[in-house]
Amino acid sequence: MDIARLVACRSTCLRRAVGAVIVKDKRILSTGYNGAPSGIAHCAETGCLRRQLKVPSGERHELCRGIHAEQNAIIQAAYHGVSIQGATLYCTNLPCCICAKMIINAGIRTIVYLSGYADAMSEEMLNQAGVAVRRFVPQSPPAAEEGESP
């Protein structure tokens, strides 16, 4: 999840920075972050139409010029000819319903996410498709033994 958070730092979205990492057999297959497609002006240059129109999170995705992190991770895998069937997706946010559809059809079997997202349809579809979804619970570092410095 730390890698997904780091990937999110590359986001060019003005509303929310999201990172995704696709992993299989303990190997990173692909990463993605949300932002405008390659060669297209970023929201920092054009402004955010969804913000201007006060569109709530999780609604009217078609008004966004950006691609979601999960979509970018799936596209990057396809672009480079890497199969992600049976993989696990680590994402800083629970995927929306559009990403959920892509995840299901890409054959991703497990999603581990850090924060929720306002999209009940996403959870319903992932459940129906048998995609395991679990929230990431950060583990606290082990306590130092007596006499050890932290």
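When a residue number appears, it is its place in the shown sequence, counting from 1.
Heavy atoms of other residues, nucleotides or ligands lying less than 6.0 angstrom from CD of Gln52 number more than 12.
For Ser122, there are no side-chain hydrogen bond (donor to acceptor under 3.5 Å, both in side chains) partners at least two apart in sequence or on another chain. Applying the side-chain hydrogen bond (donor to acceptor under 3.5 Å, both in side chains) criterion to Asn72, with sequence neighbours excluded, gives no partner residue. In this structure, the side-chain hydrogen bond (donor to acceptor under 3.5 Å, both in side chains) partners of Thr12, at least two apart in sequence or on a different chain, are His42. A search for side chain to side chain contact (heavy atoms under 4.5 Å, CB included) contacts involving Leu114 returns Met1, Arg5, Phe136, not counting sequence neighbours. Taking Arg10 as the reference, Tyr33 meet the side-chain hydrogen bond (donor to acceptor under 3.5 Å, both in side chains) condition, with sequence neighbours excluded.
With a 4.5 Å cut-off between side-chain heavy atoms of Ile, Leu, Val, Met, Phe, Trp and Tyr, the cluster of Val55 takes in Leu49, Leu53, Leu63.
Asn34 places no side-chain N or O within donor-acceptor distance of the main-chain N or O of Gly66, the cut-off being under 3.5 Å. At distances below 3.5 Å, not a single donor-acceptor pair connects side-chain atoms of Arg60 with backbone N or O atoms of Arg50.
Side-chain contact between Ile22 and Gln76 is absent, with no heavy-atom pair separated by less than 4.5 Å. Considering only heavy atoms from C-beta on, Ile74 comes within 4.5 Å of Ile108 through its side chain. At a threshold of 4.5 Å between non-hydrogen side-chain atoms, the residues Glu123 and Leu94 count as touching. No side-chain heavy atom of Ser30 sits less than 4.5 Å from a side-chain heavy atom of Val82. Taking the side chain as every heavy atom from C-beta outward, Lys101 and Met125 approach each other to under 4.5 Å.
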Chi angles and distances behind the side-chain contact (heavy atoms from CB on, under 4.5 Å) call for Ile3, Val7: CA-CA 6 Å; Ile3 296 171; Val7 171; 4.2 Å; yes
side-chain contact (heavy atoms from CB on, under 4.5 Å) between Arg51 and Leu14, intermediate numbers included: CA-CA 9 Å; Arg51 182 183 278 173; Leu14 300 175; 3.9 Å; yes
